Amino acid sequence: MPRFDVTIAGELNLDLILYGLPEQLPPERELLADGMMLTLGSSSAIVAHNLAALGSRVGFQSRIGDDPLGQIALDRLREGGVDVSLVRRVPGSTTTGLTVILHHEQWRNILTYPGTIAELTWGDLDLNYLADSRHFHFSSYYLQRALMPRVTELFQRLKSKGLTISLDTNDDPEDRWQSGLQEVLSYVDVLLPNEREACKIAGTENAEAAIAKLATLVPLVVIKRGRRGSLAQRGKERVVSQSKEVVPVDTVGAGDSFDAGFLHEYVRGSDLPTCLASGNLAGAFSTTRPGGTEAFRDAAHRQEFFRQRGI
Ligand SMILES: Nc1ncnc2c1ncn2[C@@H]1O[C@H](COP(=O)(O)OP(=O)(O)O)[C@@H](O)[C@H]1O
Ligand SMILES: [Mg+2]
């Protein structure tokens, strides 16, 4: 039996979220927020944290700087039950990344200093550690600048050891949506984009056309559709799942939490309706507190929410 259910290699950093700023942000003015939260950020780390909260055994590899923000992020992940023994702390001028989120009523600004995120390299990874798992998940493809040229090789090596592989590209800050993704996709078992990302990856503005195209490239496409829930396309088979009713406080990290909920069931061999419902439940739950992991850190809150709305 492998040591882990899921291993993840990727970014580890904090999110600084500011709430209640004016809708317009004129330059040179002092603009006041009415709330703030410093919390675990980064898609990879949120997926890892929330998978562990759900009871999966998770191993995580990353590179952080030798700085206080990196330490806080690392402690959060460790406290969440994720194995972080092989996270590398690298002193130098590049510090741990940071994302600043300006939260508005209807939209948000997401400002990222990549820092060590873009410097995670092949040499930081221990393939034996990552392979000692049933499944490997990779997030934020377009932020992994240093690792990107070898992601295909990474997937290929892990697949040859019998792991299944999932990918959530998240956004491409350059909005180009290429960088060898087609080749990478040939090793992916589960692709987990939101609807917008699915269209961008497929190069079409039509969601149905995007799903049809992606379903020819990977065995299983799972599309996240915000408050409309999610759907899965496996070849010609389509499964649709409604979202869980919730009054969202903050949707930061909902997609990553969805990934955690979905993968927690997927690695146990559950059927697609169960995987989707688990993803929707985790995504909705994440919106009940700020950031991507605050809801999951509160075990009593989690048990109550899952008992009331469980699958
Ligand atoms: N307002 C909401 N109400 C209920 N569930 C939601 C809401 N927003 C997000 N979710 C859940 O979280 C999942 C991921 O959110 P989404 O916004 O689609 O992804 P991303 O954060 O990657 O853009 C959705 O598929 C849904 O299950
Ligand atoms: Mg996302």
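First listed ligand is number 1; within each ligand, the first listed atom is number 1. Note that the coordinates shown come from a computational prediction; the quantities given were computed from them, not determined experimentally.
- Nearest heavy atom pair, residue Thr7 against residue Tyr129, reads CG2-O, 3.9 Å.
- A donor-acceptor pair shorter than 3.5 Å cannot be found between the side chains of Ser42 and Glu11.
- Of the N or O atoms in Gly226, one or more lie within a sub-3.5 Å distance of an N or O in ligand 1.
- The closest heavy-atom contact to atom 4 (C) of ligand 1, among the options Lys244, Glu245, Arg196, comes from Lys244.
- Checked against a 3.5 angstrom limit, the closest N/O atoms of Gly255 and ligand 1 fall inside it.
- The closest side-chain donor-acceptor pair between Ser243 and Asn280, if any, does not fall under 3.5 angstrom.
- Atom 23 (O) of ligand 1 has its closest protein heavy atom at Asn194 ND2, 2.9 Å.
- Inspection of the Glu119 and Thr94 side chains reveals an N or O donor paired with an N or O acceptor under 3.5 Å.
- Ranking protein heavy atoms by distance to atom 15 (O) of ligand 1, first place goes to Ala254 CB, 3.7 Å.
- A salt bridge does not link Lys200 to Asp171: none of the charged side-chain nitrogens sits closer than 4.0 Å to a carboxylate oxygen.
- Closest protein heavy atom to atom 27 (O) of ligand 1: Asn280 OD1, 2.7 Å.
- Thr96 and Asn13 form no side-chain donor-acceptor contact under 3.5 Å, judged by distance and modelled atom types alone.
- For ligand 1, the atoms sitting less than 4.0 Å from at least one non-hydrogen atom of Pro248 are 1 (N), numbered in the order shown with element in parentheses.
- Set against the non-hydrogen atoms of Ser243, the atoms of ligand 1 under 4.0 Å away are 4 (C), 5 (N).
- Ranking the protein heavy atoms by distance from atom 3 (N) of ligand 1 puts Val246 CG1, 3.5 Å first.
- Ion pairing between Arg57 and Asp83 fails under the 4.0 Å rule for side-chain N and carboxylate O.
- For the Mg ion (ligand 2), the N/O/S atoms of Asn194 include none lying under 2.8 Å.
- In terms of N/O distances under 3.5 Å, ligand 1 is not approached by Asn170.
- Taking only non-hydrogen atoms, the option from Gly229, Gly283, Pro193, Ser230 nearest to atom 25 (O) of ligand 1 is Gly229.
- With a 4.0 Å heavy-atom cut-off, ligand 1 is reached by the backbone of Arg225 but not by any atom from C-beta on.
- Connection of Phe136 to Leu147 is established within a shared hydrophobic cluster, with ILVMFWY side chains joined at heavy-atom distances below 4.5 Å, either directly or through further cluster members.
- The hydrophobic clustering, which links ILVMFWY residues whose side-chain heavy atoms are closer than 4.5 Å, places Met36 and Val100 together.
- Below 3.5 Å of separation, one finds no N or O of Thr287 facing any N or O of ligand 1.
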